[in-house]
J.: 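Quick one: structure below, then a few questions.
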Amino acid sequence: MQWTLVIPLKALSRAKSRLSDTAADGLRPGLALAFAQDTVAAALACPAVGDVAVVTGDVLAGRELAALGARIVPDEPEGGLNAALAHAASVVRARSPRSPLAALNADLPALRPLELARVLDAAAEFPRAFLPDAAGIGTTLLAASPNRELLPAFGPDSRSRHRASGAAELLLPDVPSVRQDVDTGADLRAALALGVGPRTAAAVERLKAA
């Protein structure tokens, strides 16, 4: 089974504001792009993934992620994360209606392809399913079978909201790289302990040198 992944990415200039205690304003856009690049590269290397679509209105991010092999979907109607995901889902479903679909966070710099494959294999057992983040409050992946709507409810307390929407919660051991998103300095340190991708590693070295 080959999945289509939709990865949302906001404008780099507005990304990762909660990393202000770790990175200066001028460095956060580069970190956000590096996170997304390592996430997309790992997703494309996953044996369960057939296509990756990044939904973004950021020109630089679109160009860099397209160079890795992602398909770029414009951020429409610019109504926030869930609206962008719903729009992108309709675009990719029109192209691949029989493919299961999953939304994946763009800030998973330690993502491992085989761990992602295990999550997607587990998600395939349910009409809709989600994976909670490492903090146990948010969501890093939301999946839907070909005949089901994605119904994204990302944002504060998305774990509770996705559970309330009827999506099955995936309680999987040994998939820390799929759960470790990065919003804060503590998150970044946790991702670094897992082992991040090369672009994030380089961005962190630039951060240390600044």
Side-chain angles (χ1 to χ4, degrees), residues 1-11 35-37 39-59 61-108 111 113 115-133 138-155 158-170 172 175 178-179 181:
M1 181 180 292
Q2 291 286 292
W3 288 76
T4 297
L5 299 189
V6 176
I7 298 179
L9 181 62
K10 67 169 62 174
F35 296 164
Q37 287 173 306
T39 300
V40 167
L44 287 167
C46 176
V49 174
D51 189 25
V52 172
V54 175
V55 54
T56 186
D58 192 287
V59 175
R63 182 172 67 244
E64 294 297 324
L65 297 172
L68 294 176
R71 186 155 48 96
I72 306 303
V73 177
D75 183 0
E76 297 175 358
E78 297 187 352
L81 173 58
N82 292 311
L85 282 171
H87 165 69
S90 67
V91 170
V92 300
R93 277 271 168 84
R95 175 172 173 171
S96 304
R98 297 185 179 181
S99 175
L101 176 68
L104 181 71
N105 287 12
D107 57 353
L108 299 168
L111 185 63
E115 289 185 19
L116 176 58
R118 288 202 291 274
V119 173
L120 293 172
D121 286 347
E125 300 297 318
F126 303 95
R128 290 175 64 245
F130 73 96
L131 184 74
D133 65 7
T139 302
T140 58
L141 180 142
L142 174 67
S145 61
N147 60 339
R148 292 298 182 103
E149 295 295 323
L150 190 61
L151 301 178
F154 286 89
S158 65
R159 180 184 187 181
S160 296
R161 291 193 287 162
H162 283 134
R163 188 192 297 127
S165 76
E169 183 170 9
L170 301 174
L172 299 175
V175 291
V178 197
R179 299 185 64 196
D181 54 353

J.: Compare all side-chain heavy atoms of Arg128 with those of Ser165 and state whether any distance is below 4.5 angstrom.
T.: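 When only atoms from C-beta onward are counted, Ser165 and Arg128 do touch, with a gap below 4.5 Å.
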
J.: Can a donor-acceptor pair be found, under 3.5 Å and without considering hydrogens, that links the side chain of Glu76 to the backbone of Ala88?
T.: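 Between the backbone of Ala88 and the side chain of Glu76 there is no qualifying donor-acceptor contact (under 3.5 Å).
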
J.: What are the two closest non-hydrogen atoms of Val55 and Pro8, and how far apart are they?
T.: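 Minimum heavy-atom separation between Val55 and Pro8: CG1-CA, 3.4 Å.
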
J.: Can you name the nearest heavy-atom pair linking Val119 to Leu172, along with the distance?
T.: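 Heavy-atom minimum between the residues: CA-CD1, 3.7 Å.
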
J.: Hey, does the side chain of Asn82 reach the backbone of Phe154 with a donor-acceptor pair shorter than 3.5 angstrom?
T.: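 Answer holds: yes.
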
J.: Working to the nearest 0.5 angstrom, can you tell me the gap between Trp3 CH2 and Leu116 CG?
T.: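 The CG atom of Leu116 is 10.0 Å from CH2 of Trp3, to the nearest 0.5 Å.
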
J.: Specify the closest pair of heavy atoms between Leu170 and Ala123, including all atoms of both residues, with the distance to one decimal.
T.: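 For Leu170 and Ala123, the tightest heavy-atom pair comes out as CD1-CB, 3.9 Å.
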
J.: I need the Asn105 CG to Asp107 CG distance, nearest 0.5 Å.
T.: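 Going from CG on Asn105 over to CG on Asp107, the span is 5.0 Å.
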
J.: Supply the atom-to-atom distance Leu5 CG to Leu104 CG, rounded to the nearest 0.5 angstrom.
T.: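 One finds 6.0 Å between CG of Leu5 and CG of Leu104.
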
J.: Taking Thr140 for the side chain and Asp133 for the main chain, is one N or O donor matched with an acceptor at less than 3.5 Å?
T.: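 Absent.
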
J.: Report the residues that fulfil side-chain hydrogen bond (donor to acceptor under 3.5 Å, both in side chains) with Thr139, sequence neighbours left out, ordered by chain and then residue number.
T.: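 In terms of side-chain hydrogen bond (donor to acceptor under 3.5 Å, both in side chains), with neighbours along the sequence ignored, Thr139 is linked to Ser158, His162.
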
J.: Tell me the closest heavy-atom pair linking Leu111 and Ala43, and the distance in Å.
T.: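 Looks like CD2-N, 4.1 Å.
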
J.: Out of curiosity, Glu64 CD to Asp58 CG, how far, rounded to the nearest 0.5 Å?
T.: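 Nearest 0.5 Å value for the CD-CG distance: 10.0 Å.
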
J.: Answer yes or no: is there a donor N or O on one side and an acceptor on the other, between the side chain of Arg71 and the main chain of Val92, under 3.5 Å?
T.: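 Between the backbone of Val92 and the side chain of Arg71 there is no qualifying donor-acceptor contact (under 3.5 Å).
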
J.: Which distance, rounded to the nearest 0.5 Å, do you find between the CG of Leu131 and the CZ of Arg159?
T.: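 Result: 9.5 Å between the selected atoms.
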
J.: Taking Ser99's backbone N and O only, do any of them form a donor-acceptor pair with Thr4's side chain (distance below 3.5 Å, no angle check)?
T.: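 Checked: no pair found.
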
J.: How close do Pro152 and Ala86 get, heavy atom to heavy atom, and via which atoms?
T.: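 For Pro152 versus Ala86, the nearest heavy atoms are CG-N, 4.3 Å.
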
J.: What residue among Thr39, Val40, Ile7 forms side chain to side chain contact (heavy atoms under 4.5 Å, CB included) with Leu108?
T.: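 Testing each of Thr39, Val40, Ile7 against Leu108, the sole residue satisfying side chain to side chain contact (heavy atoms under 4.5 Å, CB included) is Thr39.
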
J.: Say you draw a straight line from CD of Glu149 to CZ of Arg93; how long is it, rounded to the nearest 0.5 Å?
T.: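 Nearest 0.5 Å value for the CD-CZ distance: 6.5 Å.
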
J.: Please report the closest heavy-atom contact between Leu9 and Ala106, naming both atoms and the distance.
T.: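 So the minimum-distance heavy-atom pair works out to CD1-CB, 4.1 Å.
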
J.: With a 4.5 Å heavy-atom cut-off, do Gln2 and Val49 have their side chains touching?
T.: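 A side-chain contact is absent here, since even the closest heavy-atom pair is not under 4.5 Å.
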
